[in-house]
Amino acid sequence: MIRIRQIEINVLKNQEEQLYKKIAHLLKIKVSDIKELNINKKSIDARKKPDIFYVYEVDVLVNKETSILLRSKNNNILKTPNEKYTFKIIGNKKLNNRPLIVGSGPAGLMAAYILAENGYNPLVLERGECIEKRVLTVEKFFQNGMLNLNSNVQFGEGGAGTFSDGKLNTLVKDKYKRQRRVFEIFVECGAPKEILYLNKPHIGTDILRNVVVNIRKKIIKMGGEFRYNSCVTDFVIEDSKIKAVKINDSEIIETDVLILAIGHSARDTFEVLEKKEIIMKAKPFAVGIRIQHPQDMIGFSQYGSLYKRLPKASYKLTYKAKNGRGVYTFCMCPGGYVVNSSSESGRLAINGMSNYRRDSKNANSAIIVTIGPKDFGEKALDGVKFQRLLEEKAYKLGNGKIPIELYKDFKNGNVNSEIEKIEPVMMGKYCFANIREIFPSYVTEALIEAIDYFDSKIEGFARDDAIIAAVESRTSSPVRIERDASGESSIKGIFPCGEGAGYAGGITSSGMDGIYQAENIAKIYKV
């Protein structure tokens, strides 16, 4: 096939008709000569609004492909490269026990899928509930505040991303085509095909839940197994090698290899690992707030008067504060909700979530400030302690409810309980409070500077009635579990994986890391 890049298409005209005509013109052929067309990439170019274009990269099947390529003098016309993912089993060591995977977030699920697909029959251990039961448990929590410590927004089948926007974009380079394989599996299991080519793909929490169920069913069909409500509470280690795990402080399961895909909120597991003297280090992360604006305001700012005819607009903003702190927007949710994502008693954390249609009236995004070991300590779990301190303050401030505040009051240090033009869109109960009380001054100062600066990029960003909520503390893992070039930790047979281990950030990169660790097992062990 022939790949054609950088095809600009008017957003107001028939997309397919324009594509075929432009392709025929570029290749100097008739429209009828195009036998097949596959979209490889699609993005929006709004840099010169009101002139807005879709930009396509496509693969086309035509006759006389070689001669067309030879006569073309356009650098954006080339032979379609081979982008198929391949998995190789080159290990020769025998496995005495099936591989264990701890955690069924995107890292654990992708590792399980690839291993099951290749005959390894993995066993997935999940501390929380299956997604069908988990959804009901979380909905009850939003309504009555009764927290299930093992099955909540952070824990349970699908991981924390199952109650998020379902964003699939990542900055990780895809040299080995692992990202493509993650997306292919998602599409095979019910995700819309558009995620294979959109510049900022997402599937929303509603569709993602169904995708997770179908991934599980396929893993089981291929020989894998899932056990829910099965929290790993201890690791049996002999001669610096994993021998078994203890489930729920009682049952022992023997293993030769264990993929540790526990997620960034498995603080109790971090504590067990520290006692077992696995090598871990504190790593930088970021904390802050979520801010809500009307989605129409964001749409008009990004796309002008055409915004209602285009996909829901998003943004990505960065700032360097006077005190040297980096501040940036994170996990921006167009048409979304602010969600109570707590997982520990007496502590409150929030996140953003949206469905596939992104049809709530507000946009929300985290605005977060970078912090590091110099702020909270050099010991492995000092970052966890810092997160917990902020979350305890947030919980007390709102008496278990999400603390919110108008931006003008946050900026001026006041507390006001008056809703103005923007109605909060929340999952979980909320109340007005002085959010400044949660943070060190260096965080508050950086947040205010950044929000005021972002107003120069998006008009109305710093409007008085923008709604601030806190605390956004689970942006990434505060810990990195060290691993060597073969993917193993300092305890042989344990393969740290995904966001919780400190090697990913989001659904896609976590899934890619799961595939990477499945590959590492196949380099050592045969089926």
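Salt bridge present: E225 and R98 bring a charged side-chain N and a carboxylate O closer than 4.0 Å. Under a 4.0 Å N-O distance rule, the pair R347/E392 qualifies as a salt bridge. Salt bridge absent: K243 and D256 never bring a charged side-chain N and a carboxylate O closer than 4.0 Å. Salt bridge status for K396 with E391: absent, with no side-chain N to carboxylate O gap under 4.0 Å. Classification of K361 and E423 as a salt-bridged pair fails, no side-chain N sitting under 4.0 Å from a carboxylate O. A salt bridge is absent between K41 and D59; no separation between the charged side-chain nitrogens and carboxylate oxygens falls under 4.0 Å. Of the charged side-chain nitrogens involved, at least one lies within less than 4.0 Å of a carboxylate oxygen, so that E519 and R178 count as a salt-bridged pair. A salt bridge is defined here as a Lys NZ or Arg NE, NH1 or NH2 lying under 4.0 Å from an Asp or Glu carboxylate O, and E271 with R388 meets this definition. Salt-bridge formation is not detected for the pair E378/K281: no Lys NZ or Arg NE/NH1/NH2 atom is positioned less than 4.0 Å from an Asp or Glu carboxylate oxygen. The residues R134 and E157 are annotated as not salt-bridged, no charged nitrogen and carboxylate oxygen being separated by less than 4.0 angstrom. Using a cut-off of 4.0 Å between Lys/Arg side-chain N and Asp/Glu carboxylate O, R180 and E83 are scored as not salt-bridged.
Between the N355 side chain and the R357 main chain, no donor and acceptor come within less than 3.5 Å of each other. Of the possible polar contacts, one joining the K276 side chain to the F235 backbone as a donor-acceptor pair under 3.5 Å is found. Within the 3.5 Å criterion, the main-chain N or O of R290 finds no donor-acceptor partner in the side chain of E472. Of the possible donor and acceptor atoms, one in the side chain of D513 sits under 3.5 Å from a partner among the backbone N and O of G498. Checking side-chain atoms of N97 against main-chain N and O of P99 turns up no donor-acceptor pair under 3.5 Å. Between the side chain of Y395 and the main chain of S345, no donor-acceptor pair closer than 3.5 Å is present. In this structure a side-chain-to-backbone donor-acceptor pair under 3.5 Å is missing from Y525 to V257. Using a distance-only test at 3.5 Å, with no hydrogens or angles considered, no donor-acceptor pair links the side chain of N148 to the main chain of N152. Side-chain N or O atoms of Q179 include none that pairs as donor or acceptor with a backbone N or O of T508 at under 3.5 Å. Checking side-chain atoms of T170 against main-chain N and O of V172 turns up a donor-acceptor pair under 3.5 Å.
For the atom pair E57 CD and N38 CG, the distance stands at 12.0 Å (nearest 0.5 Å). With rounding to the nearest 0.5 angstrom, the CD1 atom of I278 is 4.5 Å from the CD1 atom of I494. The distance from atom OG of S477 to atom CD1 of I262, rounded to the nearest 0.5 Å, is 7.5 Å. Rounding to the nearest 0.5 angstrom, the gap separating the CD atom in E126 from the CG atom in N150 is 9.0 Å. In this structure, I39 CD1 and Y197 OH are separated by 4.5 Å, a value rounded to the nearest 0.5 Å. Separation of atoms CD1 (I435) and CD1 (I404) is listed at 7.5 Å; rounding is to 0.5 Å.
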Pair S486, D484 - check side chain to side chain donor-acceptor pair (under 3.5 Å), show working. CA-CA 5 Å; S486 67; D484 61 20; 2.6 Å; yes
Test side chain to side chain donor-acceptor pair (under 3.5 Å) on Q292 and N364; report intermediate values, then the result. CA-CA 4 Å; Q292 292 190 57; N364 77 76; 5.6 Å; no
Side chain to side chain contact (heavy atoms under 4.5 Å, CB included) between I481 and L260, worked out: CA-CA 10 Å; I481 304 173; L260 195 63; 3.9 Å; yes
Working for salt bridge (Lys or Arg N to Asp or Glu O under 4.0 Å), residues R325 and D375: CA-CA 12 Å; R325 303 280 170 174; D375 299 305; 2.8 Å; yes
Evaluate Q517 against Y503 for side chain to side chain donor-acceptor pair (under 3.5 Å), listing each step before the verdict. CA-CA 11 Å; Q517 289 294 46; Y503 295 95; over 6 Å; no
In sequence, state the C-alpha distance, the side-chain angles, and the governing distance for R216 and S104, and then conclude on side chain to side chain donor-acceptor pair (under 3.5 Å). CA-CA 9 Å; R216 176 224 301 161; S104 64; over 6 Å; no
Quick one, E238 with K492, criterion salt bridge (Lys or Arg N to Asp or Glu O under 4.0 Å). Give me CA distance, side-chain angles, the key distance, then yes/no. CA-CA 10 Å; E238 295 179 10; K492 293 301 176 184; over 6 Å; no
Under the criterion salt bridge (Lys or Arg N to Asp or Glu O under 4.0 Å), I'd like the reasoning laid out for E251 against R227: C-alpha separation, chi angles, the key distance, then a yes or no. CA-CA 12 Å; E251 182 183 359; R227 290 185 54 179; 2.6 Å; yes
Test salt bridge (Lys or Arg N to Asp or Glu O under 4.0 Å) on E188 and K218; report intermediate values, then the result. CA-CA 10 Å; E188 291 165 11; K218 289 197 73 171; 3.6 Å; yes
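Looking only at side-chain heavy atoms (C-beta outward), I507 and S164 come within less than 4.5 Å of each other. The side-chain heavy atoms of Y328 and I367, taken from C-beta on, include no pair separated by under 4.5 Å. At a threshold of 4.5 Å between non-hydrogen side-chain atoms, the residues L109 and V212 count as touching. The shortest distance between side-chain heavy atoms of V479 and L381 falls below 4.5 Å. Looking only at side-chain heavy atoms (C-beta outward), V339 and I350 stay at 4.5 Å or farther from each other. In this structure, L115 and I259 have side chains that are in contact, with non-hydrogen atoms separated by less than 4.5 Å. No side-chain heavy atom of P478 sits less than 4.5 Å from a side-chain heavy atom of F376. With contacts defined as side-chain heavy-atom distances shorter than 4.5 Å, the pair V236/I242 does not qualify.
When only modelled atom types and interatomic distance are considered, N340 and S342 share a side-chain donor-acceptor pair under 3.5 Å.
The shortest non-hydrogen separation linking G352 to C331 is O-SG, 4.4 Å. In terms of heavy atoms, I203 sits closest to P192 at CG2-CD, 3.7 Å. Between A433 and P403, the shortest heavy-atom contact is CB-CB, 4.0 Å.
Annotation: E277, atom CD; neighbour count of heavy atoms from other residues, nucleotides and ligands within 6.0 Å does not exceed 12. Annotation for F87: atom CZ counts as buried by contact number, over 12 foreign heavy atoms lying within 6.0 Å. Within 6.0 Å of the NZ atom in K193, the count of heavy atoms belonging to other residues, nucleotides or ligands does not exceed 12.
For an aromatic pair to be called close, the ring centres must be under 6.0 Å apart, and F285 with H264 fails this.
Of the residues T269, D249, N248, the one that meets the side chain to side chain donor-acceptor pair (under 3.5 Å) test with T233 is D249. For the side-chain contact (heavy atoms from CB on, under 4.5 Å) with E129, the qualifying choice from E132, K133, R127 is K133, the only one to do so.
Every residue was checked against the ring pair (Phe, Tyr, Trp, His ring centres under 6.0 Å) condition with F155, not counting sequence neighbours, and none meets it.
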